[in-house]
Amino acid sequence: MELASAILYIAGALMLGLGAVGAAIGVGILGGKFLEGAARQPELIPMLRTQFFIVMGLVDAVPMIGVGLGMYVLFAVA
Amino acid sequence: MLKNSRSTRGHTQVVRQKTLLNIVYQLIAIGAIALLVSLKSWEWGYSALLGGLIYLIPYAYAANRILIDAAHTTAEQSANRTLADLYIGQIWKMVIGALLFALVFVLVKPLSPFSLFGTYIAVQALGWYLQMRADKRFIKL
């Protein structure tokens with residue numbers, strides 16, 4: 001029983017950790033592209049800002065599902 | 001330069017209106033899904049409602065913070081400061097989302113995970129669809 005719950009904790013931690021890695025890579029690339037665009041055309045910063053928000057919604061979607069599943073495993077199953 | 005600034009401000013206003021409309025559509029979808037699955041059982045119904053709200057509350061917070069600030073952003077504002085603002089908004093969105101998940105899993109029992117995550121993913125997919133429908137140029141990115 002203890003081994004099973006330990007494996008569940010590891011599974012939850014992996015889900016949270018790998019989700020964080022994916023989100024960090026996506027958000028890092030997005031931020032870099034935002035700075036590139038802003039450096040080329042500073043007058044477009046307000047427009048880039050809204051585009052950043054839209055794309056961020058796509059980038060953080062799957063990691064947040066992973067976070068939710070991880071939380072479920074940690075708080076409700078284990 | 002001034003013309004560009006006005007056009008980007010107009011763009012921000014349009015995006016704000018579209019985002020608000022998307023949030024209203026998503027809220028309606030959450031209610032409809034919750035009603036529909038509550039026919040199966042009461043537990044499924046409130047789980048679906050919670051799943052939808054866990055997605056929508058952080059999204060609405062981030063949209064409000066980022067897009068309202070965007071209306072006041074000037075071209076002179078540095079890109080670094082703008083990016084820092086965006087990241088702070090995004091971090092709060094994730095923190096609120098994780099906190100809501102934890103609160104629901106600790107406080108609400110019994111809970112139907114299929115209904116909760118199903119609604120969470122469905123509302124998210126609806127958000128993507130509405131976003132692409134609202135801004136056809138976005139598909140070409």
Nearest 0.5 Å please: distance from the [atom1] atom of [X] over to the [atom2] atom of [Y].
X        : Y        : atom1 : atom2 : value
B/Gln131 : A/Phe53  : CD    : CZ    : 7.0 Å
B/Leu86  : A/Phe34  : CG    : CZ    : 5.5 Å
B/Tyr55  : A/Met64  : OH    : CE    : 11.0 Å
A/Met71  : B/Leu99  : CE    : CG    : 8.0 Å
A/Tyr72  : B/Leu116 : OH    : CG    : 9.0 Å

Shortest non-hydrogen contact from [X] toward [Y]:
X       : Y       : answer
A/Val67 : B/Ala98 : CG1-CB, 4.1 Å
B/Met94 : A/Ala23 : CE-CB, 4.1 Å
B/Ala79 : A/Leu35 : CB-CD2, 3.9 Å

same_hphob_cluster([X], [Y]) at 4.5 Å side-chain heavy-atom cutoff:
X        : Y        : value
B/Val106 : B/Leu49  : yes
A/Met56  : B/Ile91  : yes
B/Tyr120 : B/Leu36  : no
B/Phe117 : B/Leu107 : yes
A/Val77  : B/Phe101 : yes

Determine whether [X] and [Y] make a side-chain contact, defined as any pair of heavy atoms from C-beta on separated by less than 4.5 Å.
X        : Y       : result
B/Thr82  : A/Leu48 : no
B/Val104 : A/Phe75 : no
B/Gln124 : A/Ile65 : yes

Please report the C-alpha distance between A/Ile54 and B/Thr19 in whole Å, then the side-chain angles of each, then the deciding distance to 0.1 Å, and finally whether the side-chain contact (heavy atoms from CB on, under 4.5 Å) criterion is met. CA-CA 9 Å; A/Ile54 292 167; B/Thr19 307; 5.9 Å; no

I need the residue from A/Val62, A/Asp60, A/Leu74 with the largest number of non-hydrogen atom pairs under 4.5 Å to chain B.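 Max contact count across the listed options: A/Asp60.
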
Winner by heavy-atom pair count (cut-off under 4.5 Å) against chain B, out of A/Ala76, A/Ala38, A/Gly68: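 Top count of heavy-atom pairs under 4.5 Å with chain B: A/Gly68.
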
Could you tell me which portion of B/Tyr87 (side chain, backbone, both or neither) has an atom closer than 4.5 angstrom to a non-hydrogen atom of chain A?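 For B/Tyr87, side-chain heavy atoms alone lie under 4.5 Å from chain A.
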
Which answer fits A/Ala39, side chain, backbone, both or neither, if we ask what part of it has an atom under 4.5 Å from a heavy atom of chain B?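 For A/Ala39, neither part sits under 4.5 Å from chain B.
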
Which region of A/Leu69, side chain (C-beta onward) or backbone (N, CA, C, O), has a non-hydrogen atom less than 4.5 Å from a non-hydrogen atom of chain B, or is it both or neither?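 Both backbone and side chain.
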
Quick check on B/Trp128: does its CH2 atom have over 12 non-hydrogen neighbours (other residues, nucleotides or ligands) under 6.0 Å away?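 More than 12 within 6.0 Å, yes.
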
Please rank B/Gly97, B/Pro113, B/Gly89 by heavy-atom pairs under 4.5 Å with chain A and give me the top one.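 Among the listed options, the one with the most contacts to chain A is B/Pro113.
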
